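Structure, as structure tokens:
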Amino acid sequence: MDSTGTEPGTGTGAEKDKAAADLTKATPAAAAPDIQSHDTFVIKKKLSLTAGEYVVSVARPDGSEGEPVAYAREKRLSLRGQVTVYTDASRKSVLAAFKGRDHEVGYMYDVRDASGQPFGSFYEDAGASFLRRTWQVRQPGTVKLTGRERSRVAAFVRFVWEFVPYLEYVPFIWPYRFKYTESGKPLMTVTKKLGLHTRYVLEILAPDIDRRLAIAHTLALDALEVD
């Protein structure tokens, strides 16, 4: 077999020349963005009556939205906490997915890759969340993050919001920030911005945190807000 992939002695010379020309003209498929090499992302939610649609972009130095790297869609009437994250807008290639299940801590959300293999999880710490919402994020063999609302004022407003009749079914619009630490060391933050559109900024401070897990958890903060 020669360098063009044609068996020697088969085909005419013209056919071989055409095959070689076709290989020269061919261009490789565009590679998926390497999200693990980025530290800051912007997650923007699109308005929809039937579903929550999200676009995840790499953040530019000025904080604006750069290259889109993931898309997600959460159906309002789907099973609790079931969200799939895709690599592009066509929603044909899965980046990650999470779904809630009953657990001794309440609801545990397992994050799986495109083949269905789990690579992380997260759950809300019900006891600690009474005063300030607190989440535990686990990446086996790597990190155990504790994420907590930084502002006591925002936490109090949220607490009151959830006890006002009918408001518990409305997304919490107040801006807030979660700080994630391990043994007291800050490793990640999620900030909800105030504006006409729901927008989050995810900043990761540790290179070994799986960006897919961090993105999935950030989406959950919004998708599970009114559950």
Side-chain angles (χ1 to χ4, degrees), residues 33-76 78 81-91 95-98 109 111 122 124 129 132-135 137 145 147-159 161-162 167-180 186-206 209-227:
D34 180 14
I35 63 172
Q36 197 63 29
S37 65
H38 298 284
D39 299 326
T40 308
F41 302 87
V42 177
I43 293 93
K44 188 174 182 180
K45 184 178 183 180
K46 294 182 178 181
L47 297 177
S48 174
L49 295 177
T50 59
E53 298 187 0
Y54 304 86
V55 178
V56 182
S57 304
V58 174
R60 294 192 177 101
D62 63 359
S64 61
E65 300 162 40
E67 178 188 13
V69 293
Y71 298 78
R73 181 181 176 88
E74 179 238 354
K75 294 181 180 179
R76 299 297 188 198
S78 65
Q82 184 173 358
V83 174
T84 302
V85 187
Y86 301 91
T87 60
D88 55 52
S90 68
R91 299 201 297 272
L95 179 69
F98 68 84
Y109 299 89
V111 186
F122 54 84
E124 186 169 9
S129 290
R132 284 190 291 173
R133 285 186 71 189
T134 302
W135 287 84
V137 182
L145 301 176
R148 182 176 290 111
E149 281 182 290
R150 294 194 62 183
S151 171
R152 294 182 182 273
V153 173
F156 177 75
V157 173
R158 182 196 296 276
F159 178 80
W161 182 284
E162 293 176 351
L167 275 185
E168 68 267 28
Y169 301 108
V170 179
F172 185 65
I173 61 175
W174 195 276
Y176 57 75
R177 186 182 190 196
F178 277 83
K179 180 180 180 181
Y180 296 78
L187 298 181
M188 188 173 89
T189 62
V190 175
T191 305
K192 182 177 183 179
K193 299 292 187 178
L194 183 64
L196 295 177
H197 300 285
T198 302
R199 185 170 173 268
Y200 298 85
V201 175
L202 165 63
E203 184 176 9
I204 304 169
L205 308 175
I209 293 179
D210 195 314
R211 273 48 175 168
R212 298 171 301 171
L213 174 60
I215 289 171
H217 175 63
T218 304
L219 292 171
L221 290 178
D222 186 89
L224 306 177
E225 202 164 74
V226 295
D227 284 354

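Worth knowing before you read on, the calculation uses all heavy atoms, side chains too, and leaves out hydrogens, waters and symmetry mates. These numbers come from a predicted model, not from an experiment.
- A donor-acceptor pair under 3.5 Å is absent between the side-chain atoms of R199 and the main chain of K193, judged by distance alone.
- Rounding to the nearest 0.5 Å gives a distance of 10.5 Å between NZ of K179 and CZ of R148.
- Taking every heavy atom of both residues into account, V85 and A70 meet most closely at CG1-CB, 3.8 Å.
- Scanning all heavy atoms of the two residues, the minimum distance from V42 to G63 falls at CG2-O, 3.8 Å.
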Review point. Step by step, would you call K46 with V55 a side chain to side chain contact (heavy atoms under 4.5 Å, CB included)?
Key: CA-CA 8 Å; K46 294 182 178 181; V55 178; 3.7 Å; yes
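- Between atom CZ of residue F122 and atom CG of residue L213 there is a gap of 7.5 Å, rounded to the nearest 0.5 Å.
- Looking at L187, T189, V190, I209 one by one, the single match for side chain to side chain contact (heavy atoms under 4.5 Å, CB included) with Y180 turns out to be V190.
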Review point. Which is it for L221 and W135 under the side chain to side chain contact (heavy atoms under 4.5 Å, CB included) test, yes or no, and what are the steps along the way?
Key: CA-CA 10 Å; L221 290 178; W135 287 84; 3.4 Å; yes
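- Checked for salt-bridge contact, E124 and R133 meet the test: a charged N lies under 4.0 Å from a carboxylate O.
- Contact check for E149 versus R177: no side-chain heavy atoms found under the 4.5 Å cut-off.
- Aromatic ring centres of H217 and Y109: separated by at least 6.0 Å.
- Note that OG1 of T134 and CZ of F178 are 7.5 Å apart. Values are rounded to the nearest 0.5 Å.
- Between T40 and I204, the closest side-chain pair of non-hydrogen atoms is not below 4.5 Å.
- Between Y54 and T198 the shortest side-chain heavy-atom distance does not fall below 4.5 Å.
- Of all heavy-atom pairs between D88 and Y71, the closest is C-CD1, 3.2 Å.
- Aromatic pair Y200/F41: centroids not less than 6.0 angstrom apart.
- The CD atom of E203 sits 14.5 Å away from the NE2 atom of H38 when rounded to the nearest 0.5 Å.
- Smallest separation of non-hydrogen atoms from I35 and R211: O-CG, 3.3 Å.
- Closest approach of S57 and P68 over heavy atoms only: OG-CA, 3.8 Å.
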Practice item. Determine, step by step, whether V111 and R212 satisfy the side chain to side chain contact (heavy atoms under 4.5 Å, CB included) criterion, reporting the C-alpha distance in whole Å, the side-chain angles of both residues, the deciding distance to 0.1 Å, and the verdict. Key: CA-CA 9 Å; V111 186; R212 298 171 301 171; 5.7 Å; no
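- Atom CG of residue D210 and atom CD1 of residue I215 lie 9.0 Å apart, to the nearest 0.5 angstrom.
- Scanning all heavy atoms of the two residues, the minimum distance from P186 to L205 falls at O-CD1, 3.7 Å.
- Y86 contributes atom OH, which lies 6.5 Å from atom CZ of R91 (distance to the nearest 0.5 angstrom).
- A salt bridge does not link D62 to R60: none of the charged side-chain nitrogens sits closer than 4.0 Å to a carboxylate oxygen.
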